[in-house]
Student: 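Okay, here's the structure, questions in a sec.
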Number of protein chains: 2
Amino acid sequence: MNEDWRTLTDVDKLIHEPSRLMILTILVSVEKADFVYLQRETGLTRGNLSVHLTKLSEAGYIDIQKTFNGKVPQTICQITDTGKQAFLRYREYLKSVVEKISTSG
Amino acid sequence: MNEDWRTLTDVDKLIHEPSRLMILTILVSVEKADFVYLQRETGLTRGNLSVHLTKLSEAGYIDIQKTFNGKVPQTICQITDTGKQAFLRYREYLKSVVEKISTSG
DNA sequence: ATAAACATGTTTGTGTTGTAAACTTGTTTT
DNA sequence: AAAACAAGTTTACAACACAAACATGTTTAT
């Protein structure tokens with residue numbers, strides 16, 4: 001019955017990267033967060049956070065608004081519907097993986 | 001309550017690659033498999049399978065014995081204790097991830 | 001016998017990735 | 001004015017995943 005290993009590779013690679021899963025997980029729960037907050041929360045370097053956010057944005061998973069908080073530039077991130085769906089899909093994927101690999105070992 | 005998202009990045013990257021998780025999952029359940037069997041089962045190309053097996057072997061997660069089946073070369077793979085432990089650890093990791101991201105969305 | 005096809009892997013080439021370091025632009029402090 | 005700080009972005013680079021090409025040998029057709 002368990003011969004269905006192949007679907008393990010059926011994964012959203014963008015979210016499969018833990019740093020980005022972390023970002024999306026935060027954005028799913030708060031619905032809005034700025035760059036500084038995300039950096040503190042994730043512990044990522046600014047460079048990496050920047051790259052990951054750009055990637056998520058290009059995929060349409062998040063929206064990025066650039067504004068100013070007084071004179072200080074501010075980058076505000078918000079998950080999109082597409083992003084939320086992708087997140088939920090990935091969560092289901094993970095659950096199915098856990099089940100699949102739990103019959104062994 | 002603030003979850004510790006940061007532990008999401010605490011992952012065995014070698015196993016986090018779905019192709020290799022697939023290979024390990026098979027090897028955990030059968031305890032011994034040759035190259036051809038693995039290729040059929042995983043659907044990977046021979047080239048990729050070769051590279052992944054080498055990588056798993058270099059990490060000490062599997063043992064590879066090269067023999068002959070009659071005149072035909074045969075590569076037999078077997079998971080090691082280290083590999084099995086890593087697999088089980090990864091499984092626990094995945095479970096914890098599912099829990100962590102399930103309180104949101 | 002000799003060429004063609006097959007079998008089992010490995011190596012090479014290529015485009016992508018994740019990460020830290022260096023950089024940019026502007027603001028605040030000294 | 002200079003130095004330090006803040007918020008991001010860009011660059012440099014080693015590692016990666018993958019498929020195509022290669023290598024080595026065996027079997028089948030002619």
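Hydrogens, waters and symmetry mates play no part in the numbers below; they use all other heavy atoms, side chains included.
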Student: Heavy-atom nearest nucleotide on DNA chain C for A:Glu17 versus A:Pro73: which residue maps closer to 5'?
Tutor: A:Glu17

Student: Can you see whether A:Asn48 engages A:Thr45 through a side-chain donor-acceptor pair at a distance of less than 3.5 angstrom?
Tutor: yes

Student: Does any donor atom in the side chain of A:Thr7 or A:Asp4 lie under 3.5 Å from an acceptor atom in the other side chain?
Tutor: yes

Student: Fit a plane to each ring of A:His16 and B:His16, take the angle between them on a 0 to 90° scale, and name the class: parallel (under 30°), tilted (30 to 60°) or perpendicular (over 60°).
Tutor: parallel

Student: Indicate, with a heavy-atom threshold strictly under 4.0 Å, whether A:Gln74 touches base, sugar-phosphate, or nothing.
Tutor: sugar-phosphate

Student: OP1, OP2 of D:dC16 versus side-chain N and O of B:Lys13: anything below 4.0 Å?
Tutor: no

Student: Over how many whole Å does the gap from A:Asn48 atom CG to D:dT9 atom C1' extend?
Tutor: 12 Å

Student: Output the rounded distance in Å from CD1 (B:Ile15) to C1' (D:dA17).
Tutor: 17 Å

Student: Please give, in whole Å, the distance from D:dA7 P to A:Asp34 CG?
Tutor: 9 Å

Student: According to the salt bridge (charged side-chain N to carboxylate O under 4.0 Å, His left out) rule, which pairs have a member within residues 16-29 of chain B, sequence neighbours left out?
Tutor: A:Lys13-B:Glu17

Student: When we call it a touch if two heavy atoms are under 4.0 Å apart, what does B:Thr54 touch: a base, just sugar-phosphate, or nothing?
Tutor: nothing

Student: Pairing donors with acceptors under 3.5 angstrom, does anything connect the side chains of B:Ser102 and A:Lys95?
Tutor: no

Student: In whole angstrom, what separates B:Phe68's CZ from D:dT26's C1'?
Tutor: 11 Å

Student: Check whether any side-chain nitrogen or oxygen of A:Ser50 sits under 4.0 Å from OP1 or OP2 of D:dT9, and answer yes or no.
Tutor: yes

Student: Looking only at the side chain of B:Arg20 (C-beta and beyond, no hydrogens), which of the listed nucleotides D:dC16, D:dT27, D:dG8 gets closest?
Tutor: D:dC16

Student: What is the distance, rounded to the nearest whole Å, between atom CG of A:Leu49 and atom C1' of D:dT9?
Tutor: 12 Å

Student: Which residue lies toward the 5' end of DNA chain D, A:Val36 or A:Val51, if each is placed at its nearest nucleotide?
Tutor: A:Val36

Student: Taking only side-chain nitrogens and oxygens of A:Lys66, does any of them come within less than 4.0 Å of OP1 or OP2 of D:dT9?
Tutor: yes

Student: Enumerate, atom names and distances included, each donor-acceptor pair closer than 3.5 Å involving a side-chain atom of residues 56-76 of chain B, sequence neighbours excluded.
Tutor:
residue: B:Tyr61; atom: OH; partner: B:Asp12; partner atom: OD2; Å: 2.7
residue: B:Lys66; atom: NZ; partner: B:Thr75; partner atom: OG1; Å: 3.3
residue: B:Gln74; atom: NE2; partner: B:Asp34; partner atom: OD2; Å: 3.0

Student: State which of D:dC18, D:dA19, D:dG8 makes the closest approach to the side chain of B:His52.
Tutor: D:dC18

Student: Heavy atoms of chain B, cut-off under 4.0 Å: which first and last nucleotide of DNA chain C, 5' to 3', fall inside that, if you could look?
Tutor: C:dT8 to C:dT19

Student: What is the distance, to the nearest angstrom, from the CD atom on A:Gln65 to the P atom on D:dG8?
Tutor: 13 Å

Student: Between A:Tyr37 (OH) and D:dA7 (P), how many Å, whole number?
Tutor: 16 Å

Student: If we check side chain to side chain contact (heavy atoms under 4.5 Å, CB included) with B:Leu44, which of these qualifies: B:Val51, B:Leu53, B:Ile23?
Tutor: B:Ile23

Student: If you assign A:Phe35 and B:Thr45 each to the DNA chain D nucleotide with the nearest heavy atom, which residue ends up on the more 5' nucleotide?
Tutor: A:Phe35

Student: Would one find more than 12 heavy atoms of other residues, nucleotides or ligands at under 6.0 Å from atom NZ of B:Lys32?
Tutor: no

Student: Measure from CG on B:Asn69 to P on D:dT26 and round the result to the nearest Å.
Tutor: 13 Å

